[in-house]
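Read the structure below first, then the notes.
Hydrogens, waters and symmetry mates play no part in the numbers below; they use all other heavy atoms, side chains included. To find a chain, count down the sequence lines: A is the first, B the second, and so on, and within it residues start at 1. Computed from a predicted model, the values in this text were never measured in an experiment.
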Number of protein chains: 2
Amino acid sequence: MDRRIKKNQTAIMNALIQLMTEKDFEKITINEIAERADVNRGTIYSHYADKYDLMDKCLEAQLQQLIESCSVVVDETESNPSKSSLLRTLELLEENALFYKTLLRNKALLSFRNQLQDMINKQIKAQFLENNLTLDELSKDISVQFLSSAAVGVIEWWFTHSNPCTAKEITEKLWSLLDTNLQMIRSQA
Amino acid sequence: MDRRIKKNQTAIMNALIQLMTEKDFEKITINEIAERADVNRGTIYSHYADKYDLMDKCLEAQLQQLIESCSVVVDETESNPSKSSLLRTLELLEENALFYKTLLRNKALLSFRNQLQDMINKQIKAQFLENNLTLDELSKDISVQFLSSAAVGVIEWWFTHSNPCTAKEITEKLWSLLDTNLQMIRSQA
DNA sequence: CCGGTTTTGTTGGTTTTTCAACAGATGACT
DNA sequence: AGTCATCTGTTGAAAAACCAACAAAACCGG
């Protein structure tokens, strides 16, 4: 993609996110966004139909980033890749918490929840494989579903309640819960 | 000025400054600068003849910024405007110390020194006016020259010796020296 | 509800940037 | 000395962003 487009789009989206943490979405004007992004107003219209379209694309891009943070393993030498990508995801959530909260409240909450659960599902499945668990298919599926639901629920709780703790703390606690469960399942297999 | 030009120029200059703190100027290529600035290589050539021209313009712009930081009073309610603009200037110097050191060593050192002394001269004169000192013209001029030379000398010493202390500290000490001198002069007037 | 101000979305002409391609220079390595 | 890779500076055409201007819509205070 042309670097001009890329740079302007991120500038515009960041401007919107920033403004959304400051005031109500409906009160935000295209003019403000253009000004904040240091971009001509026309440029915004060349990329997005209107405020709402911009919002959609913005949310989409953010979710994509979140998904990637969850699935991509940055550092192979990491002591615990799954845990650190979980932490990275929660830190991203934490970073733009206000933005996500205002957006996820209305729309996309379900799709987001599903995507998140999907990712966590995969991570947990990967953990199962790594540990060479000799479980029958059914027990494994149930356990995976059990743990991923639990995890998503905790994340949702952490996220909707205003900052009960930091991303690092919640990751630690959540991870130890998941870990002890894995240990249990392993010992029973 | 067209916002595209402004944005690209600052990106290019910042890229150069950043690179100069990392490696020798001669080892820096236009390609690297373009990459770091996230700008097409051709764009650099559309603004600057070559690396050296870019360097010149860059230094010029930085000095301008420094001069402005020294003369502009940001906050009228500041308890001590002159002192805080001195601090701001030294902080700017501190921020890009590596860049300035490499540049000022060779060229522009004298012009920079003169400009800096000019500014400090003005600030000190302003202090004299503020304090309503009833001195004859000659005594005043001498005192101003005395104090500004002293100040510039201290700043130069601070800057060329590698970080003997922070901008904040040197500002405090330098200011108290200047202040006691002012007091003295005032009491004698 | 009216008049003034702001915002919106669109247009057209201009400027800037981008990209890819080029030939020549430079420099490192054998 | 020769080869290879990289860097330089330049070109031209295409894409994008700029700006100013516009009419219509939305908003707001009196």
Side-chain angles (χ1 to χ4, degrees), chain A residues 1-62 64-65 98-99 102-103 106-107, chain B residues 1-62 64-65 98-99 102-103 106-107:
Chain A
M1 181 158 47
D2 194 305
R3 35 163 58 99
R4 286 171 292 185
I5 298 181
K6 201 177 57 203
K7 281 193 279 187
N8 279 336
Q9 285 191 346
T10 65
I12 292 167
M13 288 184 172
N14 285 337
L16 174 61
I17 292 178
Q18 206 184 318
L19 283 168
M20 284 193 62
T21 66
E22 296 171 15
K23 54 155 79 178
D24 187 60
F25 178 67
E26 290 305 325
K27 303 278 180 197
I28 298 173
T29 72
I30 295 278
N31 286 314
E32 277 178 304
I33 300 172
E35 197 180 344
R36 187 70 68 102
D38 193 17
V39 147
N40 189 280
R41 194 162 55 88
T43 306
I44 297 183
Y45 286 111
S46 77
H47 291 300
Y48 314 100
D50 54 26
K51 226 175 41 162
Y52 305 94
D53 184 39
L54 166 59
M55 227 263 289
D56 282 353
K57 302 278 171 61
C58 201
L59 175 58
E60 200 180 327
Q62 291 289 321
Q64 191 55 39
Q65 209 187 327
L98 269 92
F99 169 75
T102 48
L103 281 198
N106 324 323
K107 51 174 76 181
Chain B
M1 183 158 47
D2 193 306
R3 15 158 80 91
R4 285 170 292 183
I5 297 181
K6 200 177 58 206
K7 281 194 278 185
N8 279 336
Q9 285 191 347
T10 65
I12 292 167
M13 289 183 171
N14 285 336
L16 174 61
I17 292 177
Q18 207 183 316
L19 283 168
M20 284 192 62
T21 65
E22 295 171 14
K23 55 154 81 177
D24 187 60
F25 177 66
E26 290 305 326
K27 303 277 181 198
I28 298 173
T29 72
I30 295 278
N31 286 314
E32 277 178 304
I33 301 172
E35 197 181 344
R36 189 69 69 103
D38 194 16
V39 150
N40 189 280
R41 194 162 55 88
T43 307
I44 297 183
Y45 286 110
S46 77
H47 291 300
Y48 314 99
D50 52 27
K51 227 174 41 161
Y52 305 95
D53 185 39
L54 166 59
M55 227 264 288
D56 282 354
K57 304 279 172 59
C58 201
L59 175 58
E60 200 179 327
Q62 290 290 320
Q64 192 54 39
Q65 208 187 328
L98 270 93
F99 169 75
T102 48
L103 282 198
N106 324 325
K107 49 175 79 181

Using side-chain contact (heavy atoms from CB on, under 4.5 Å), reason through A:Arg41 and A:Thr29 one step at a time and then give a plain yes or no. CA-CA 11 Å; A:Arg41 194 162 55 88; A:Thr29 72; over 6 Å; no
Mind running side-chain contact (heavy atoms from CB on, under 4.5 Å) on B:Lys7 and A:Asn8 for me, showing each step along the way? CA-CA 11 Å; B:Lys7 281 194 278 185; A:Asn8 279 336; 3.8 Å; yes
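A sub-4.0 Å separation between OP1 or OP2 of D:dT8 and a side-chain N or O of B:Asn31 is present. Contact annotation: B:Arg3 side-chain N/O to D:dC19 OP1/OP2 distance is under 4.0 Å.
For the pair B:Gly42 and A:Lys51, nearest-nucleotide mapping onto DNA chain C gives the more 5' position to A:Lys51. Between B:Asp38 and A:Glu32, the residue anchored nearer the 5' end of DNA chain C, judged by the nucleotide with its closest heavy atom, is A:Glu32.
The OH-P distance, from B:Tyr45 to D:dG9, rounds to 4 Å in whole Å. Going from atom CE of A:Met1 over to atom P of D:dA16 covers 10 Å, rounded to whole Å. What separates CD1 of A:Ile5 from P of D:dC18 is a distance of 12 Å, to the nearest Å. Separating the CG atom of A:Asp2 from the P atom of D:dA16 is a distance of 6 Å, rounded to the nearest angstrom.
For A:Arg4 against D:dA15, a side-chain N or O and a base N or O form a donor-acceptor pair under 3.5 Å.
If you check every strand for non-hydrogen atoms under 4.0 Å, A:Lys7 touches sugar and phosphate atoms only. Base engagement by A:Asn40 is indicated by at least one non-hydrogen atom pair under 4.0 Å involving a base atom.
A:Phe25 approaches A:Lys51 most closely through the heavy-atom pair O-NZ, 3.2 Å.
The neighbour count for A:Lys27 NZ, taken as heavy atoms of other residues, nucleotides or ligands under 6.0 Å away, does not exceed 12. Residue B:Glu22 places its CD atom among more than 12 non-hydrogen atoms of other residues, nucleotides or ligands, all under 6.0 Å distant.
Of all nucleotides in DNA chain C having an atom under 4.0 Å from a heavy atom of chain B, the first and last in 5' to 3' order are C:dT15 to C:dA21.
Contacts of B:Asp50 classified as side-chain hydrogen bond (donor to acceptor under 3.5 Å, both in side chains), with partners at least two apart in sequence or in another chain: none.
Nearest to the side-chain atoms of A:His47 among the listed nucleotides D:dC18, D:dA16, D:dA17 stands D:dA17.
A donor-acceptor pair under 3.5 Å is absent between the side-chain atoms of B:Lys57 and the main chain of B:Gln9, judged by distance alone.
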